[in-house]
Amino acid sequence: MSREADDPIAAISTAPGRGAVGIVRISGQSLDGLAQALCGRPLQPRVATYLAFADGDGQPIDHGLALFFPAPHSYTGEDVLELQGHGGPAVLQLLLARVLQASAAAANEPDAPAAWSARVRLARPGEFTERAFLNGKLDLAQAEAVADLIDASTASAARSAARSLGGEFSHQITQLLDALTQLRMLVEATLDFPEEEVDFLQAADAQGQLARLRERVDSVLATARQGALLRDGIRIVIAGQPNVGKSSLLNALAGAELAIVTPVAGTTRDKIATTIAIEGVPLHVIDTAGLRDSNDAVERIGIARAWDEIANADAVLLVHDAARADAPEYIAEDERLAGALAEKVSKNVPRLEIWNKLDIATMQAPPGALALSATAGTGLAELRAELLKIAGWQATPEGVYLARARHVQALLEVAERLRQAQELLADAASAPLELIAEELRLAQAALSEITGRFTSDDLLGVIFSRFCIGK
């Protein structure tokens, strides 16, 4: 651990802006002396003490509560001091400045204890939680869940993040690691008895152990995918010709008048995005400019941006005008648009055909298409169900723990390594046992990255740099 990692740190730990309460948090080694200097009296551990916060000249800054949590019984595992005052930006900045000033003064005293020699510095984003991880208070998956709980955009995502923070996801990974460790021990111990290795593995049911482990990995992976979906959602782009009702559909899904709707083709010139929640799953819906040939410079920019959004979409809702379905010009333009979409959009991206304006249409929608009226609300429930199906939502939210894309990728790596190990083990009589052992080792390394048993400093830097300051 670097010397900088030993420095005491401080930050405002409440959100920017005005609020009823604001918190300045300090974490480090042997903060009891600093706590007395700031508060003018010793603080009883884990007891809220109401007092005046004064500046260096003894003038009051604020009145509030001080709490002292001695190590290791704190969030970070170090001594933690919290000063809770009124939540005005100026007040909190004065309190933070006072902390830095008092620390500098204490460090310069001739008889200051060695533990005070490091001055308090401002915390980096996520550094409090990073210290909690480094000091064994949280594993890496739980530490990530702290940020996910703060950033949760739906109630289901928040509940699932709380489960991850409580250790449900980590417990599943730990169980997999324990089973994989037992299997590795069996295989590697067998390397000491090369003349008996096949019989030894058969007697220990290595094939059965590996098969059961793969099933458990697949189960955890399925749940993790649902958790990643709850966290990240998917990008859904609404596309189609001008004046087919794309903006009306966005407004209907959002339940608010977000986009201007007029009978004039080309009203929408730029993308309009919003996030909706269906059964707790966040869906990022983007309305785009109508796709057509245009001589208007501004509209052409909007159309180009629409194609950019379509190219990056997780799913495309292609909206058709059911009221013009028999017009030759409309049919020809629809066919041209379908060809352009086939060229520019991957076949792996789901595309849902929607026939809008069902309330004024005289023709039936083609088989397999979804007919609705964005203005009347007809068919919206069916559309929401289809969107969940496109998203891949299957699990019951109450049983999901929040996961990240890196967790899913790690589990996919584990599943692939175990698959290869199983194929090798099936032919253990001719396959070198060292190859099986190596596949299992790589699987364990991928699993360990999830909880941080084995991870790189670069990965830690990326993860914690995305936290807010003060957490």
Side-chain angles (χ1 to χ4, degrees), residues 7-109 112-113 115-116 118-132 135 137-138 143 146-147 149-152 158 165 464 467-471:
D7 293 343
I9 55 174
I12 297 170
S13 293
T14 40
R18 297 193 303 169
V21 176
I23 300 174
V24 173
R25 176 181 291 163
I26 310 104
S27 180
Q29 303 297 331
S30 302
L31 294 184
D32 46 348
L34 178 61
Q36 184 167 345
L38 289 168
C39 301
R41 70 181 76 169
L43 295 178
Q44 186 176 350
R46 294 175 295 280
V47 174
T49 303
Y50 179 75
L51 44 77
F53 301 128
D55 61 20
D57 298 323
Q59 299 300 311
I61 298 173
D62 194 7
H63 288 73
L65 298 176
L67 293 101
F68 180 56
F69 302 91
H73 306 294
S74 69
Y75 179 71
T76 64
E78 304 172 330
D79 284 357
V80 170
L81 174 64
E82 288 190 355
L83 308 179
Q84 302 184 4
H86 293 90
V91 172
L92 293 175
Q93 288 294 339
L94 286 171
L95 275 177
L96 181 59
R98 172 57 182 149
V99 170
L100 300 178
Q101 178 192 43
S103 170
N108 288 330
E109 291 181 3
W116 296 9
R119 298 185 180 186
V120 174
R121 61 171 173 80
L122 296 177
R124 300 188 304 270
E127 193 168 4
F128 288 96
T129 304
E130 182 179 14
R131 292 191 175 195
N135 292 325
K137 305 298 289 187
L138 301 169
V146 173
L149 184 58
I150 294 171
D151 294 336
L165 179 57
F464 290 108
F467 278 59
C468 55
I469 293 176
K471 197 64 180 178

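- If you run side chain to side chain donor-acceptor pair (under 3.5 Å) between S27 and each of E82, R131, E78, only E78 comes through.
- In this structure a side-chain-to-backbone donor-acceptor pair under 3.5 Å is present from D79 to L31.
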Per-pair distances, 0.1 Å, donor-acceptor, side chain in residues 36-44, under 3.5 Å, sequence neighbours excluded:
none

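- Atoms CZ and OG1, from F68 and T49 in turn, are 11.5 Å apart once rounded to the nearest 0.5 Å.
- Of all non-hydrogen atoms in G77 and S74, the two that sit nearest each other are N-OG, 3.1 Å.
- The minimum heavy-atom distance linking I469 with A11 is given by the pair CG2-CB, 3.9 Å.
- Of all non-hydrogen atoms in A132 and Y75, the two that sit nearest each other are CB-O, 3.2 Å.
- Counting only heavy atoms from C-beta outward, the side chains of L96 and L83 never approach each other to under 4.5 Å.
- Atom CG of L51 sits about 10.5 Å away from atom CG of D62, to the nearest 0.5 Å.
- When all heavy atoms of A143 and T129 are compared, the pair lying nearest together is CB-CG2, 3.8 Å.
- Side chains of V21 and T14 form no contact here, defined as non-hydrogen atoms less than 4.5 Å apart.
- Summarising the geometry, atom CZ belonging to R121 is positioned 11.5 Å from atom OG belonging to S103; distances are rounded to the nearest 0.5 Å.
- Contact check for F464 versus E127: no side-chain heavy atoms found under the 4.5 Å cut-off.
- The structure places CZ of R119 at 13.0 Å from CG of L34, a figure rounded to the nearest 0.5 Å.
- For the atom pair CG of L92 and CD1 of I12, the computed distance is 5.0 Å after rounding to the nearest 0.5 Å.
- Inter-residue side-chain proximity for R18 and P89 is flagged as met; some heavy-atom pair is nearer than 4.5 Å.
- The side-chain tip of R98 does not point at the ring of F53 from less than 6.0 angstrom away and within 45° of straight on.
- Looking at V80 and R25, their side chains come closer than 4.5 Å, going by heavy atoms from C-beta outward.
- Y50 places a side-chain heavy atom less than 4.5 Å from the side chain of H63.
- Taking the side chain as every heavy atom from C-beta outward, V146 and F128 never approach each other to under 4.5 Å.
- Distance CD1/I61 to CD/Q93: 11.5 Å, rounded to 0.5 Å.
- Between the side chain of D57 and the main chain of Q59, no donor-acceptor pair closer than 3.5 Å is present.
- Nearest approach of L67 to A48, heavy atoms of both residues: CG-CA, 3.9 Å.
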